[in-house]
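In each ligand, atom 1 is the first atom listed, and ligand 1 is the first ligand listed. Keep in mind that what you see is a predicted model, and the values were worked out from it rather than measured.
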Amino acid sequence: MQERDIMEVDVLFVGGGVAGLSGALHLVNLIKRHNEAGEGEKLDDISIAVLEKGAFVGSHSISGAVMDPVSLRELMPDFVEKGAPLEGEVTKEEVCLLTEKGRLKAPLVPPPLNNHGFYVVSLSRLTAWLGEQAEEAGIDIFPGFAGTEILYDGDRVIGVRTGDKGIDEDGSKKANYEPGIDLHAKVTIFGDGSRGNLTKALIQKFHLDDGRNPASYVVGVKEVWELPEARMNPGNVIHTMGYPLKRDTYGGGFIYGMQNNMVSVGLLTGLDYKDPYLDPHREFQKFKLHPFITAILKEGKLVQYGAKTAPVGGYFSIPKCGLDGAVIIGDAANLFISQKIKGIHVAMKSGMLAAETILDALANNDFSEKHLGKYEKKLYNSPVGKDLYKVRNFHQGFQKGLWSGVVKGGLQYLLGGKILKDRLPTTPDHSHLKRVKDVYGTSAPTDEMKGIIKFDGSRTFDKESDVYYSGTTHEEKQPPHLKIGDLNICYTRCTEEYHNPCVSFCPANVYEIEINEETGEPEMRLNFSNCLHCKTCDIKDPYENITWVPPEGGGGPKYSVV
Ligand code: SF4
């Protein structure tokens with residue numbers, strides 16, 4: 001058996017996103033206050049560590065993003081004075097419906113999308129800054145290390161194992177081989193993001209989603225552009241519905257003004273879509289061709305590209321989050337208010353509530369489910385829990401299309417959820433995909449029917465060109481981190497029924513099916529070094545035939561302004 005180093009810490013946050021970093025910082029503050037108050041036993045030398053799979057803190061963080069500052073203000077009342085990287089306070093905003101060429105501006109911004117007083121931020125910058133604050137507070141952050149396995153003592157979580165480094169494509173050890181280490185902790189906090197690989201394993205092992213709805217997601221495809229002049233002031237916000245998404249597809253577009261004549265432009269596509277040829281990256285390119293968006297981006301240049309999923313299943317998709325030795329926070333726990341398109345303050349608050357629970361557990365030296373389970377109660381009783389409850393059936397309301405969803409969502413908001421009170425059940429996103437013949441009939445769909453467009457390389461880009469702007473890199477000589485359960489399914493049933501939708505839904509051109517010239521047989525080519533870690537393939541593959549696992553630590557995008 002492989003000998004591994006063991007490192008012991010008291011509290012281990014897995015995932016250096018805003019949820020984990022806020023939790024770690026809040027815990028430091030709480031311990032300080034506890035010791036100063038002199039009540040109970042002093043908590044001396046509590047070691048807190050944060051594990052982050054990205055090469056640096058913030059490198060895998062990407063979001064729209066408009067932040068409700070309520071949680072950041074609670075964590076750090078002087079966040080402005082401390083130099084939090086804020087692009088601009090929201091003072092001007094609009095919501096509009098796009099048709100293919102036209103635009104209908106809503107006379108008023110619907111209350112859930114009223115962002116006045118909030119801030120446009122770059123999530124990668126904000127996360128990097130929170131990481132600096134955490135390090136200054138004495139928290140140990142380990143970037144470049146991915147958690148690949150959960151460690152247990154019986155049914156109690158006792159930490160995680162990090163991935164080995166220096167493994168060749170064929171699984172053999174290279175000269176630079178370094179075994180992963182076992183990080184043991186009294187409590188492990190899983191904040192490994194949307195469809196986090198470790199949280200997924202935890203949910204499956206303990207059936208933490210029994211009696212709840214399955215998680216549901218959107219994939220956001222996004223670019224940051226630099227414009228030749230200030231066409232949108234920092235903090236200006238535009239949300240769109242409609243074009244290019246069809247009425248039966250959940251989602252919408254956004255464009256936010258940033259500092260230095262930059263704008264953040266993106267499109268969210270619900271992964272419960274039906275059309276096997278739908279390509280979220282291509283839909284986003286079409287979005288930029290709309291005359292309204294084109295006028296804003298005119299003569300601008302692309303600065304950065306990225307893609308990521310976000311959980312939109314809402315209140316009823318939150319798994320059980322407190323167990324023996326562990327809690328789950330942020331996107332990993334499906335904590336996202338889809339009606340408001342807000343996840344940052346929810347993720348931060350969940351990390352902070354976990355920290356409050358952990359302080360209590362440390363003071364009582366009890367890390368059992370009895371103690372850590374209190375986190376769930378705190379979460380549901382908190383303002384974010386109540387906000388999630390009010391619109392508990394929001395996403396489910398869109399199952400019958402855009403207009404039905406908008407009306408039901410508005411009524412739920414106004415009546416505090418009093419219509420659609422009970423849980424509307426859903427099925428997993430991958431089960432919504434229809435077979436090609438059920439969408440297009442039995443003759444082969446034309447490029448026009450599939451919505452294929454030509455990319456011009458100045459306003460619209462193919463996936464390979466866009467990926468270049470994400471900075472994503474991976475060690476090429478390692479086993480692919482996209483695990484395909486049965487390649488035969490790809491070449492037979494999937495080709496016949498769905499025409500290999502992985503080629504369309506992946507926003508980074510990771511999946512290509514080519515015909516081998518010698519054998520005439522199809523072959524899957526995995527361009528895994530393009531991967532943006534968005535997890536769409538893990539979620540949307542109709543046979544659940546793809547599993548995303550972390551590549552060698554440090555691999556993946558290098559976001560810095562998205
Ligand atoms: Fe996203 Fe999967 Fe493509 Fe990676 S391979 S970019 S996780 S869809």
**Prompt:** In terms of atom number and element, which parts of ligand 1 are under 4.0 angstrom from non-hydrogen atoms of Val510?
**Reply:** 3 (Fe), 5 (S)
**Asked** Aromatic rings Phe398 and Tyr250: how do their planes relate, parallel, tilted or perpendicular, breaks at 30° and 60°?
**Response** perpendicular
**Request:** Evaluate the criterion side chain to side chain donor-acceptor pair (under 3.5 Å) for residue pair Ser216 and Asp429; output intermediate values, then yes/no.
**Result:** CA-CA 6 Å; Ser216 189; Asp429 289 340; 2.8 Å; yes
**Message:** Taking 4.0 Å as the limit for heavy-atom contacts, which would you say applies to Phe505 with ligand 1: side chain only, backbone only, both, or neither?
**Reply:** neither
**Message:** Here's one to test your reading of the geometry: is the NZ or CZ of Lys450 within 45 degrees of the ring axis of Tyr277 and under 6.0 Å from its centre?
**Reply:** yes
**Prompt:** How far is atom 7 (S) of ligand 1 from its nearest protein heavy atom, and which residue and atom name does that atom have?
**Reply:** Lys535 N, 3.1 Å
**Message:** So is Phe528 touching ligand 1 or not, going by heavy atoms under 4.0 Å?
**Reply:** no
**Request:** Specify whether an N/O/S atom of Cys534 falls short of 2.8 Å from atom 3 (Fe) of ligand 1.
**Result:** no
**Prompt:** Are the ring centres of His430 and Phe505 closer than 6.0 Å?
**Reply:** no
**Shortest heavy-atom approach to atom 3 (Fe) of ligand 1 - which of Ala508, Cys506, Cys502** = Cys506
**Request:** Determine whether Pro276 and Tyr273 make a side-chain contact, defined as any pair of heavy atoms from C-beta on separated by less than 4.5 Å.
**Result:** no
**Message:** Tell me whether Lys205 forms a cation-pi arrangement with Tyr152, defined as NZ or CZ under 6.0 Å from the six-membered ring centre and within 45 degrees of its axis.
**Reply:** yes
**Prompt:** Can you list the ligand 1 atoms lying under 4.0 Å from a non-hydrogen atom of Trp548?
**Reply:** 7 (S)
**Request:** Assign the ring pair His533 / His474 to parallel, tilted or perpendicular, where the plane angle (0 to 90°) is split at 30° and 60°.
**Result:** tilted
**Asked** Between atom 2 (Fe) of ligand 1 and Cys537, is there an N, O or S atom separated by less than 2.8 Å?
**Response** yes
**Atoms of ligand 1, numbered as shown, that sit under 4.0 Å from any heavy atom of Leu532** = 4 (Fe), 6 (S)
**N, O or S of Cys531 under 2.8 Å from atom 4 (Fe) of ligand 1** = yes
